[in-house]
*Asks:* 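Sending over a structure as structure tokens; questions will come in a sec.
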2 protein chains.
Amino acid sequence: MTRPQSLHQSILGEIEDKILSGAWPPGHRIPSEHELTAHYGVSRMTVNKVLTQLAAGGLIERRRRAGSFVSRPLTQSAVLDIRDIRTEVAALGLPYRYEVTVRRRRRAAGADRALIDLQAGAPVLELGCVHFAGARPFCREERLISLDAVPEAAEERFDEVAPGAWLVGRVPWTSAEHRIRAVGADRDAAALFSMAEGAACLAVERRTWSAERPVTFVRLTYPGDAHELVARFAPTQG
Amino acid sequence: MTRPQSLHQSILGEIEDKILSGAWPPGHRIPSEHELTAHYGVSRMTVNKVLTQLAAGGLIERRRRAGSFVSRPLTQSAVLDIRDIRTEVAALGLPYRYEVTVRRRRRAAGADRALIDLQAGAPVLELGCVHFAGARPFCREERLISLDAVPEAAEERFDEVAPGAWLVGRVPWTSAEHRIRAVGADRDAAALFSMAEGAACLAVERRTWSAERPVTFVRLTYPGDAHELVARFAPTQG
DNA sequence: TCGAACATTATGTCTATACAATAACGAACG
DNA sequence: CGTTCGTTATTGTATAGACATAATGTTCGA
């Protein structure tokens, strides 16, 4: 359990404890790097590393000449883990399977451009999928892929690998924006999930860019309260 | 625009660009600290700072003796900003108001202990609130506060400050877990939001601990698709 | 051929020192 | 009394050197 920690880790832990326990309340001025250096008998660089890390985590704020202060939590920002659907299903201990229901190549129309920031007439691939957990449909996927950004997608059948996983393996690295809403099931979703039209569904919309260029838009619709997203907030991730 | 950056910031930017543009694809081994040291003409500590930061952001993975590698994005973890409800309403440009509808002090029963990890019979304060944006109800709040953790809450009327804001100002620093689901409106919510029973609502449940002790449980229910949560993911925060 | 011992290499951590940038403080001055 | 200006405490950044640690390759021996 108590594995040998590095110096700055144990110092980090100590200071964190002081803040989390309330011994050092929000607004409290914590000792200067110089004082901490003396207190712990370490070099200033080590102390600096700790405080820099605490500041990055939002636990303290630092001002030159003034000192470092325990920050008051204004916006609790939590880390949301967006996992691959296959992984999600596997976590339930159910066999995973998916079907491609729609695969259409076309040029971006007005409606598309509202979803993802594309040039008019840019070639896009429209995809529809259903993901299954065991025998039951788990999630509906509606996706647009910019063929300007990912031309290889035009040739891909997506029989073997789902579009999400395919893109992750192909497109280098991305920034993304997620929007999470509750929506009533449309006729399609109601039939798919065997639920009443208008019943509650969780909709996760994700827009993805790579090197400033739009890559893909996807809307994942999960039935009712059978699915939930979990986000955790902890001062230091670990 | 191009303000004078520090050395490690500009190096960070360069490497990030290489990864995001795809020049260094996932799995690619990036130059060793020693090589980067030579390439940029800086000390190893500076390079180390950059790579450590990239690793913390999840953009690269580091293995002793083997080197540093561009990681393949498996779980895209996004940062979800959980704001104060008052702030959310203010962002809409609407006047904010709230009402306390329920305020009951009692001992934790079985149902409560399923929500928040309390001892049997521990004193809790049960609260119900409705938050308004303009004239329309914006959000329903159901809350349990552990009076062991926050005894002062027993005396507080919550006339002036909503429970969420009150707690943030009082309880030092917390870790929290958020669960986000879509639920059908119960009779109460349907009446409140003037919607059909069973219509889609977004439910955000938050459990909060301070110094390992449970502090509060809150369930926020937002009407239908009138509300959405936004989470962003970017390699380096900034 | 297989496994154990060893060498090598890259990361991980820490120190001591240095100078720069910033902003709070206090003293001098109008 | 208020403003300006220099002083100084504190953080921010960077360097060079050192040793620790881990894991990969390599060599040698059974």
Side-chain angles (χ1 to χ4, degrees), chain A residues 1-16 18-19 24 26-72 235-238, chain B residues 1-16 18-19 24 26-72 235-238:
Chain A
M1 285 293 115
T2 64
R3 65 154 164 274
Q5 295 183 333
S6 62
L7 255 179
H8 65 262
Q9 268 179 14
S10 55
I11 296 177
L12 180 83
E14 266 192 53
I15 297 182
E16 225 173 61
K18 288 226 174 62
I19 296 176
W24 289 354
H28 179 260
R29 181 186 159 164
I30 79 178
S32 72
E33 295 190 352
H34 187 71
E35 290 169 297
L36 289 172
T37 284
H39 183 278
Y40 288 107
V42 297
S43 80
R44 204 192 130 211
M45 278 300 286
T46 304
V47 167
N48 181 276
K49 187 169 194 169
V50 170
L51 296 187
T52 301
Q53 212 169 318
L54 283 169
L59 216 59
I60 67 172
E61 280 159 26
R62 317 197 69 195
R63 292 209 317 275
R64 279 179 152 127
R65 165 71 219 240
S68 303
F69 303 84
V70 178
S71 57
R72 45 201 84 230
T236 319
Q237 49 277 45
Chain B
M1 282 294 115
T2 64
R3 62 153 165 275
Q5 295 184 332
S6 62
L7 255 179
H8 65 261
Q9 268 179 14
S10 55
I11 296 178
L12 180 83
E14 269 193 49
I15 296 182
E16 226 173 63
K18 288 223 172 65
I19 295 176
W24 290 354
H28 180 260
R29 180 186 159 163
I30 78 176
S32 71
E33 296 190 353
H34 186 71
E35 290 169 297
L36 289 172
T37 284
H39 182 277
Y40 288 108
V42 299
S43 80
R44 204 190 128 211
M45 279 300 286
T46 305
V47 168
N48 181 274
K49 187 169 193 169
V50 170
L51 296 187
T52 301
Q53 213 168 319
L54 284 169
L59 216 59
I60 67 172
E61 280 160 26
R62 317 196 69 195
R63 293 208 317 273
R64 279 184 156 127
R65 163 71 218 239
S68 303
F69 302 84
V70 178
S71 58
R72 44 201 85 231
T236 318
Q237 48 277 47

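Note on naming: letters A, B, ... go to the chains in the order of the sequence lines (proteins, then strands), and numbering restarts at 1 for each one.
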*Asks:* Pick the nucleotide of DNA chain C nearest each of A/Met45 and A/Arg63; which residue has the one closer to the 5' end?
*Replies:* A/Met45
*Asks:* Do B/Glu35 side-chain atoms and B/Ser32 backbone N/O form a donor-acceptor pair below 3.5 Å?
*Replies:* yes
*Asks:* Does any non-hydrogen side-chain atom of B/Ile15 lie less than 4.5 Å from one of B/Leu59?
*Replies:*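 Heavy-atom side-chain distance check fails, nothing below 4.5 Å.
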*Asks:* Which is the 5'-most and which the 3'-most nucleotide of DNA chain C that has an atom under 4.0 Å from a heavy atom of chain A?
*Replies:*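 Listing 5' to 3', DNA chain C meets chain A from C/dT13 to C/dC25.
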*Asks:* Rounded to the nearest angstrom, tell me the gap between atom CZ in B/Arg29 and atom P in D/dA23.
*Replies:*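 Nearest whole value for this atom pair: 15 Å.
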*Asks:* Quick one: closest heavy-atom pair of A/Glu33 and A/Asn48, and the distance?
*Replies:* OE2-ND2, 2.9 Å
*Asks:* Within less than 4.0 Å of OP1 or OP2 of D/dT11, is there a side-chain N or O belonging to A/Ser68?
*Replies:*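 The answer is yes; a side-chain N or O of A/Ser68 sits under 4.0 Å from OP1 or OP2.
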*Asks:* Quickly work out the A/Leu51 CG to D/dT11 P distance and round it to whole Å.
*Replies:* 7 Å
*Asks:* Of the candidate nucleotides D/dA18, D/dA14, D/dA23, which contains the atom at the shortest distance from the side chain of B/Arg65?
*Replies:* D/dA23
*Asks:* Side chain of A/Ser71, backbone of A/Glu61: donor and acceptor closer than 3.5 Å?
*Replies:*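 It does not hold such a pair.
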*Asks:* Using atom NE2 of A/His8 as one end and atom C1' of D/dA20 as the other, report the distance to the nearest whole Å.
*Replies:* 14 Å
*Asks:* Could you state the atom-to-atom distance from CD of A/Glu61 to C1' of D/dT10 in whole Å?
*Replies:* 16 Å
*Asks:* May I ask you to verify whether the side chain of A/Arg64 and the base of D/dT10 hold a donor-acceptor pair under 3.5 Å?
*Replies:* no
*Asks:* Is B/Arg44 touching bases, backbone alone, or none of the nucleic acid, heavy atoms closer than 4.0 Å?
*Replies:*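 Base, at least one base atom sits under 4.0 Å.
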*Asks:* Say you draw a straight line from OG1 of A/Thr52 to NE2 of A/His8; how long is it, rounded to the nearest 0.5 Å?
*Replies:*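 Here the interatomic distance stands at 11.0 Å.
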*Asks:* Where along residues 32-40 of chain A does a heavy atom fall under 4.0 Å from DNA chain D?
*Replies:*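 Close to the strand are A/Ser32, A/Glu33.
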*Asks:* Does any non-hydrogen side-chain atom of A/Lys18 lie less than 4.5 Å from one of A/His28?
*Replies:*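 In short, these two side chains do not touch, never coming nearer than 4.5 Å.
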*Asks:* For A/Arg29, look at atom CZ and say whether over 12 heavy atoms of other residues, nucleotides or ligands are found less than 6.0 Å away.
*Replies:* yes
*Asks:* Grab the two heavy atoms, one from B/Val42 and one from B/Thr37, that are nearest each other, plus how far apart they are.
*Replies:* O-CG2, 3.1 Å
*Asks:* Find the distance B/Lys49:NZ to D/dT13:C1' and express it as a whole number of Å.
*Replies:* 6 Å
*Asks:* To the nearest Å, how far apart are B/Ile11 CD1 and D/dT13 C1'?
*Replies:* 12 Å
*Asks:* If you measure from CG on B/Leu51 to CZ on B/Arg62, what distance do you get to the nearest 0.5 Å?
*Replies:*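 If I round to the nearest 0.5 Å, the distance is 4.5 Å.
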*Asks:* Can you find a pair of side-chain heavy atoms, one from A/Ile19 and one from A/Ile60, that are under 4.5 Å apart?
*Replies:* yes
*Asks:* I want to check something: taking the side chain as every heavy atom from C-beta on, are A/Trp24 and A/Pro31 in contact at a cut-off of under 4.5 Å?
*Replies:* yes
*Asks:* End-to-end bend of the helix from C/dT1-D/dA30 to C/dG30-D/dC1 (five-pair axes, 10° rounding)?
*Replies:* 10°
